[in-house]
Amino acid sequence: SSGINAELVTTAGLNVTCVPTSFQARQLIIEHGLHLSDLSQSPELDVVIDGADECDPQLNLIKGGGGCQLQEKIVAACGKKMVVIADYRKKSQELGEQWKKGIPIEVVPMAYVPVMNKLRSYGLEPVLRM
């Protein structure tokens with residue numbers, strides 16, 4: 001959990017700068033007294049740590065179910081390395097076994113109709129989530 005990670009950072013005396021990818025992550029950083037930053041102040045990151053919604057044996061992932069996919073990708077692109085964490089609850093033999101909410105796709109608002117039409121042309125059934 002985030003509380004345990006914050007405790008490890010504090011106890012080990014690590015110098016960690018945290019760049020959140022969501023409002024909720026930002027609140028956790030503040031709540032645990034960690035150093036909060038953003039990409040304008042910290043545009044290059046040594047390591048980006050994020051979670052997965054589901055993972056198969058080939059390490060294919062479903063990510064972005066929390067709704068901050070674009071922000072997660074931007075932060076990941078600023079990292080020299082990326083670590084994705086998933087516990088046993090996220091493990092499956094085939095994607096879609098554990099994560100039942102479909103494949104998350106974040107779309108720029110002006111493009112949602114063409115993107116949904118394109119997905120339908122592939123035989124998929126997109127659902128708009130606000």
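Along the sequence shown, residues carry numbers from 1.
With Gln98 contributing its side chain and Glu54 its backbone, the two residues share no donor-acceptor pair below 3.5 Å. Side-chain N or O atoms of Glu106 include one that pairs as donor or acceptor with a backbone N or O of Gln69 at under 3.5 Å.
The two atoms that bring Asp53 and Lys90 nearest to each other are O-CD, 3.3 Å, heavy atoms only. Across all non-hydrogen atoms, the minimal contact from Thr17 to Ser42 is CG2-OG, 3.7 Å. Between Ile29 and Pro20, the closest heavy-atom pair is CD1-CB, 3.8 Å. The heavy-atom pair separating Gln71 from Thr21 by the smallest distance is NE2-O, 2.9 Å. Ser22 approaches Cys68 most closely through the heavy-atom pair CB-SG, 3.5 Å.
Under a cut-off of 6.0 angstrom, the local environment of CD in Gln41 is crowded, with over 12 non-hydrogen atoms contributed by other residues, nucleotides or ligands. Atom NZ of Lys81 sits in a sparse spot, with 12 or fewer heavy atoms from other residues, nucleotides or ligands closer than 6.0 Å. Other residues, nucleotides and ligands place no more than 12 heavy atoms under 6.0 Å from the CD atom of Glu94.
When the side chains of ILVMFWY residues are joined at heavy-atom separations under 4.5 Å, either directly or via intervening members, Trp99 and Leu95 end up in a single hydrophobic cluster. When hydrophobic clusters are built by joining Ile, Leu, Val, Met, Phe, Trp and Tyr residues whose side-chain heavy atoms come closer than 4.5 Å, directly or via intermediates, Leu61 is not grouped with Ile49. Taking hydrophobic clusters as Ile, Leu, Val, Met, Phe, Trp and Tyr residues chained together by side-chain heavy-atom distances below 4.5 Å, Val48 shares a cluster with Ile74. By the criterion of side-chain heavy atoms lying less than 4.5 angstrom apart, applied directly or through intervening Ile, Leu, Val, Met, Phe, Trp or Tyr residues, Val47 is not grouped with Val84; the two fall into different hydrophobic clusters. In terms of hydrophobic clustering, with Ile, Leu, Val, Met, Phe, Trp and Tyr side chains grouped at heavy-atom distances under 4.5 Å, Met110 and Leu128 are assigned to different clusters.
Contact of the Pro104 side chain with the Lys63 side chain is not registered, since no non-hydrogen atoms from C-beta on lie closer than 4.5 Å. Between Gln27 and Ile30, some side-chain heavy-atom pair lies under the 4.5 Å cut-off. Two residues are said to be in side-chain contact when any heavy atoms from C-beta on lie closer than 4.5 Å; Val16 and Leu34 fail this criterion. Taking 4.5 Å as the limit, every side-chain heavy atom of Ser121 sits out of range of all side-chain heavy atoms of Asn117.
The CD1 atom of Ile85 sits 12.5 Å away from atom SG of Cys55, with the distance rounded to the nearest 0.5 Å. Between atom NZ of residue Lys73 and atom CG of residue Asp50 there is a gap of 12.0 Å, rounded to the nearest 0.5 Å.
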- side chain to side chain contact (heavy atoms under 4.5 Å, CB included) between Leu39 and Leu45: does it pass, once the steps are laid out? CA-CA 9 Å; Leu39 293 178; Leu45 306 170; 4.1 Å; yes

- Task: Applying side chain to side chain contact (heavy atoms under 4.5 Å, CB included), run through Ile103 and Leu124 and close with a yes or a no.
- Result: CA-CA 11 Å; Ile103 299 171; Leu124 301 172; over 6 Å; no

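Asn15 meets the side chain to side chain contact (heavy atoms under 4.5 Å, CB included) test with no other residue; sequence neighbours excluded.
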